[in-house]
Chemist: 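My questions all concern the structure below.
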Amino acid sequence: MPLTPEEPQIYESVPGTRASAGASRTPQASRAAAPVPGPRQAPRPAPPRTDSKGPNTPGRPGGPRQGNPPASAKPASPDTTARIHLVAATDATAVEVADETVDKLLDEGRAPGEILLLTTGGQHPWAEHELSFGEDSYWRQLTEAEDVFCAHAATAARTTQRPIVLLAVNGGTDPEAAAALPAALEKATEQLIVCGDPQRVRALL
């Protein structure tokens, strides 16, 4: 529907060739192991969890970084609306594109704790893995705010605000995706990045 002056501006971008810093990264879901909470050191990968299921467990989006301290979520001011950016992706590639976008944000200097990644279809591989150890330890990592946190959009109400929220439209019905958009926007204090089919997303706005 047409944007009114009160509605957020939408900016669209198309993923292209990664810069040299990100070109050599392997896909996020194939990372060797999920790191334990605590200080991150680069470039050595964080050690696997003691309760890890094996060497092929999915890692956090963006991987370990040096020099990015944990960031507390900043509440949005009442008169501020986060900017919306669209990044073209299909249902099948939305999570991968979102992970690549997280990498770019971290390369630009954003702290991992400033980023929340929501999905509309299946869970992000990291979230799926962490939930296998129980919801208490999973949600505790959101409170600690030391890393990028991944969750399903249906549970967005349980998450806290973060400066940057990514919404990977990787499935789900149109009503589910339509409900996820305002839920994700409510959690973003600076920008919401939607990774999905631009035509579908615009129709749902």
Chemist: Ignoring hydrogens, what is the shortest heavy-atom contact between Arg162 and Pro112? Give both atom names and the distance.
Modeler: NH1-O, 3.8 Å

Chemist: Can you list the residues that meet the salt bridge (charged side-chain N to carboxylate O under 4.0 Å, His left out) rule with Glu135, with sequence neighbours excluded?
Modeler: Arg158

Chemist: Between the side chain of Glu176 and the main-chain N/O of Thr173, is any donor-acceptor distance below 3.5 Å?
Modeler: yes

Chemist: Could you list the residues that satisfy side-chain hydrogen bond (donor to acceptor under 3.5 Å, both in side chains) with Asp136, not counting sequence neighbours?
Modeler: none

Chemist: Is a side-chain donor or acceptor of Thr119 paired with a backbone partner of Gly122 at a separation under 3.5 angstrom?
Modeler: yes

Chemist: Flag yes if Val201 and Val95 sit in one hydrophobic cluster, no otherwise; membership is Ile, Leu, Val, Met, Phe, Trp, Tyr, and two members link when side-chain heavy atoms are under 4.5 Å apart.
Modeler: no

Chemist: In Å, rounded to the nearest 0.5 Å, how long is the span from OG1 of Thr101 to CG of Leu117?
Modeler: 9.0 Å

Chemist: Indicate whether any N or O donor in one side chain lies under 3.5 Å from an N or O acceptor in the other, for His124 and Asn170.
Modeler: no

Chemist: Please answer whether the main-chain N or O of Thr159 pairs with a side-chain N or O of Lys187 as donor and acceptor at a distance below 3.5 Å.
Modeler: yes

Chemist: Rounded at 0.5 Å granularity, tell me how far CG in Leu116 sits from OG1 in Thr189.
Modeler: 11.0 Å

Chemist: Using 30° and 60° as the class boundaries, would you call the ring planes of Trp126 and Phe149 parallel, tilted or perpendicular?
Modeler: perpendicular

Chemist: Of the non-hydrogen atoms in Ala188 and Ala82, which two are nearest, and what is the gap between them?
Modeler: O-CB, 3.4 Å

Chemist: Pick from Leu185, Leu167, Leu181: which one makes a side-chain contact (heavy atoms from CB on, under 4.5 Å) with Ile84?
Modeler: Leu185

Chemist: For the CG atom of Leu106 and the CG atom of Asp147, what is their distance to the nearest 0.5 Å?
Modeler: 9.5 Å

Chemist: For the side chain of His152 and the backbone of Gly121, is there at least one donor-acceptor N/O pair under 3.5 Å apart?
Modeler: yes

Chemist: Grab the two heavy atoms, one from Gly196 and one from Val169, that are nearest each other, plus how far apart they are.
Modeler: CA-CB, 4.2 Å

Chemist: Side-chain contact, heavy-atom cut-off 4.5 Å: Glu114 with Leu105?
Modeler: no

Chemist: Which heavy atom in Ala177 sits nearest to a heavy atom in Leu204, and how many Å separate them?
Modeler: CB-CD1, 3.6 Å

Chemist: Answer yes or no: is there a side-chain heavy-atom contact under 4.5 Å between Leu166 and Val87?
Modeler: no

Chemist: Indicate yes or no for a side-chain donor-acceptor contact from Gln161 to the backbone of Glu186 under 3.5 Å, with no hydrogens or angles considered.
Modeler: yes

Chemist: Go through the structure and list residues passing side-chain contact (heavy atoms from CB on, under 4.5 Å) with Asp197, not counting sequence neighbours.
Modeler: Gln199, Arg200

Chemist: Could you measure the distance from the CH2 atom of Trp139 to the OG1 atom of Thr155? Nearest 0.5 Å is fine.
Modeler: 4.0 Å

Chemist: CD/Gln123 to SG/Cys150 distance, rounded to the nearest 0.5 angstrom?
Modeler: 9.0 Å

Chemist: Which heavy atom in Ala94 sits nearest to a heavy atom in Cys195, and how many Å separate them?
Modeler: CB-O, 3.7 Å

Chemist: Could you pull out the closest heavy-atom pair between Thr120 and Gly171, with the gap in Å?
Modeler: OG1-O, 2.7 Å

